[in-house]
Amino acid sequence: MPNHADHDHPTFTRRSLLKGAAAVTALSSLPWSVRKAFAQNASPLVIIGGGTAGMVAAIFAAKRGARVVVIEKTQNVGGTLVISGGMMGAAGTVFQKRKGIQDSPQQHYEDIMRISAGTAVPEMARLWAEHAGSMVNWLAELGFTIPDDQPSVGTLYDYYSVPRYIWGAQQGRSILAVLKPEFDKYVQSGHITLMTDASAVDLIKDAKGAINGVVVEDSKGKRSDVLGRNTIIATGGCAGNPSMFEALHGVPLYRRVALPSSQGAGFMLGLAAGGYLRCAENYCGYYGSVAQSDQWPSPPATNMMIDHRVRPVWEIFVNVRGERFVREDHPSMSERDRTMDKQPGYRFWAVFDQRILDEAPPLIPSWTREQLLDSFNKHPMFHRGATWTELGVRAGIDPAALQKTVAAYNEAVQKGKSDPLGREHRPVPLLRPPFYAIRSQTWTLKSYVGLAVNENLQLIREDGQVIPNLYAAGEVLGAAPGGRAHTNGASVTPALAFGKLLGEKIIKL
Ligand SMILES: Cc1cc2nc3c(=O)[nH]c(=O)nc-3n(C[C@H](O)[C@H](O)[C@H](O)COP(=O)(O)OP(=O)(O)OC[C@H]3O[C@@H](n4cnc5c(N)ncnc54)[C@H](O)[C@@H]3O)c2cc1C
């Protein structure tokens, strides 16, 4: 049985999470006299989280001469940029201009809505498309560069209509390399006060529900109040916290890739302030990965190459019920992945016969044939059977249904009949025993659920009312900008662009 509990972290359920958030609110509404903390003078802006979005918001507010406080839980700023691919999608960049690529925010917006099949929150997608170009151009002014073969239309997932996808040679670190000196400059000038090893544990609310600052806990557990006229939640997501991730998405965190600091603190703070969460349904897994075990989160054992644009597919994909459920060579990667996400247990099996094993290009390109064959002897995700029934029993796929599915596929291929799911590449029927099945399990590296904000990035209540003085940017907004798809650059780009927008324009300092 999968082990969904995680012993490093408290266990959350959706109910306990909401109850916890309510308790935090009660704490923050205690009278000042009983709070042991000390109060500093109110800053124009307090930013919770010195990561991707938070650093940029701080830099742009500091550029305007404001005094900004950045509260950072770890010892260093940078957040997820230290491990992120840092791949960005932006229209109207100097990098496009240099190559004569015509693009516009409108075209970018239309691409986002196409790739996400309309599941992106329109005003968030629009904000991303409209403000990403100037953000990237600012990074370029700071010295950010890209390899010569970029911008591209995309890599693994659905392509943009024009080349606008970029990333630095050192991935996220290339972005951090230009941001950090700029951030440090304003720390040195005294515009940015950086508190490290400091966790925001609560928001300070007045009687009308307006946010007046943040309660901060240091590494020794000592609490203090940081008063601010405006507060930005930029704490990242919860993909480092398996139980919260599962409680909020209804999907286990099958693999933990995000930083341990991505605990979902911002969700708790936003809920406590009266905000609400949306976009859990935008969960969109990555597929092709084979898990090491059934103990979640599990490290990957390896990856199957299931991008048919790179390796035309020879295998069939079946779910636990033994059914084919998707056109394996579907032209839209996003559409394919959305269908995979609907399968029981967020998994499928690539099923094939001995002939495919012998003749097809390797399904696991990073492995030797010996490694692959060995895995069928011992790995829990790799199965072999002399008959389809035996394979089904061993793999945990409905054996009778599997046999029927393969028979129907074979008959269509042999008789030249069209495929009911529309598949076009069907090189051979699956006839020669032994038969094989390799299980793929969904995984992700970020959260999809997020705090609801309006087009000014202000937190809103479910009735649409603004929570005064409180803003959010970055992964804490979830998959609102990119929707239910792997829309290229859908997290890093809005995090940076929205941070810039808040610090430069939106917040009155
Ligand atoms: C391996 C990997 C690859 C990725 N590749 C891409 C990619 O190529 N393109 C893309 O678009 N997206 C990518 N993403 C996602 C993207 O990098 C993140 O969504 C984005 O960087 C998050 O930015 P953020 O500012 O919201 O959070 P972060 O950059 O994580 O910053 C949050 C900061 O808040 C701090 N913090 C947390 N809680 C508190 C608290 N209570 N008090 C004070 N501070 C707190 C954290 O320590 C951290 O420094 C990737 C993610 C991963 C993990």
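Ligands are counted one by one from 1 in listed order, and the atoms in each one are counted from 1 as well. What you are looking at is a predicted structure, and each value in this text was computed from that prediction instead of being measured.
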Could you check whether any heavy atom of A198 sits closer than 4.0 Å to an atom of ligand 1, since that is the contact criterion I want to use?
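Yes, that is the case, since the closest heavy atom of the residue is under 4.0 Å from the ligand.
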Ligand 1 contact by E72, heavy-atom criterion under 4.0 angstrom
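So E72 counts as touching ligand 1.
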Can you confirm whether K63 is buried at NZ, in the sense that more than 12 heavy atoms of other residues, nucleotides or ligands lie under 6.0 Å from that atom?
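Counting neighbours around NZ of K63, more than 12 heavy atoms of other residues, nucleotides or ligands fall under 6.0 Å, so yes.
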If you count every heavy atom of other residues, nucleotides or ligands that lies below 6.0 Å from K508 atom NZ, does the total exceed 12?
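No, not enclosed.
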Identify, by atom number and element, the atoms of ligand 1 in contact range of [X], meaning under 4.0 Å from any of its heavy atoms.
| X | answer |
| --- | --- |
| V257 | 1 (C) |
| V492 | 9 (N), 10 (C), 11 (O), 12 (N), 13 (C), 16 (C), 17 (O) |
| G489 | 11 (O) |
| T74 | 47 (O) |
| G79 | 29 (O), 31 (O), 48 (C), 49 (O) |
| A490 | 11 (O) |
| G85 | 3 (C), 4 (C), 5 (N), 6 (C), 8 (O) |
| G236 | 26 (O), 27 (O), 32 (C) |

Any N/O pair [X]/ligand 1 closer than 3.5 Å:
| X | value |
| --- | --- |
| S262 | no |
| T493 | no |
| L81 | no |
| S199 | no |
| T80 | yes |
| K73 | yes |
| A53 | yes |
| A200 | yes |

Between S261 and ligand 1, which residue portion shows a heavy-atom distance shorter than 4.0 Å: side chain, backbone, both, or neither?
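Looking at S261 and ligand 1, atoms from backbone and side chain both fall under 4.0 Å.
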Heavy atoms only, cut-off 4.0 Å: how does K446 contact ligand 1, side chain, backbone, both, or neither?
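Neither; nothing of K446 gets under 4.0 Å from ligand 1.
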After noting the C-alpha distance and the side-chain angles of Y254 and S289, does the key distance pass the side-chain hydrogen bond (donor to acceptor under 3.5 Å, both in side chains) rule?
CA-CA 11 Å; Y254 286 105; S289 176; over 6 Å; no
Between the main-chain N or O of A90 and the side-chain N or O of H108, is there a donor-acceptor pair closer than 3.5 Å?
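No, the answer is negative, given that no donor and acceptor are paired below the 3.5 Å cut-off.
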Do side-chain atoms of Q96 reach the backbone of T93 as a donor and acceptor pair under 3.5 angstrom?
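Yes, Q96 side chain to T93 backbone: donor-acceptor pair under 3.5 Å.
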Under 30°, 30 to 60°, or over 60°: which ring-plane class applies to H486 and Y286, parallel, tilted or perpendicular?
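Geometry flag for Y286 against H486: parallel rings.
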Just say parallel, tilted or perpendicular for the rings of F348 and Y287, cut-offs at 30° and 60°.
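Plane angle between 30° and 60°, so tilted.
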In the protein, which heavy atom is nearest to atom 29 (O) of ligand 1, and how far is it?
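Here the nearest protein heavy atom works out to T52 OG1, 2.7 Å.
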For D206 against N212, the heavy-atom pair lying closest together:
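Taking D206 first and N212 second, the nearest heavy atoms are CB-ND2, 3.3 Å.
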Go through S491 and K446 one step at a time and tell me if the side-chain hydrogen bond (donor to acceptor under 3.5 Å, both in side chains) criterion holds.
CA-CA 9 Å; S491 299; K446 63 177 186 181; 2.9 Å; yes
Stepwise, does the salt bridge (Lys or Arg N to Asp or Glu O under 4.0 Å) test hold for D111 with R114?
CA-CA 5 Å; D111 276 352; R114 166 182 57 84; 3.2 Å; yes
Taking the six-membered ring of F183 as reference, does the cationic atom of K180 (NZ for Lys, CZ for Arg) lie under 6.0 Å from its centre and within 45° of its axis?
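Verdict for F183: no cation-pi partner in K180.
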Can you list the steps and then say if R126 with E123 is a salt bridge (Lys or Arg N to Asp or Glu O under 4.0 Å)?
CA-CA 5 Å; R126 177 128 351 243; E123 59 273 24; over 6 Å; no
Taking only Lys NZ, Arg NE, NH1 and NH2, and the carboxylate oxygens of Asp or Glu, determine whether E335 and R338 approach each other closer than 4.0 Å.
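Yes, this pair counts.
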Nearest heavy atom to atom 14 (N) of ligand 1 wins, so pick from G237, A473, S84, G89.
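Among G237, A473, S84, G89, the closest heavy atom to atom 14 (N) of ligand 1 belongs to S84.
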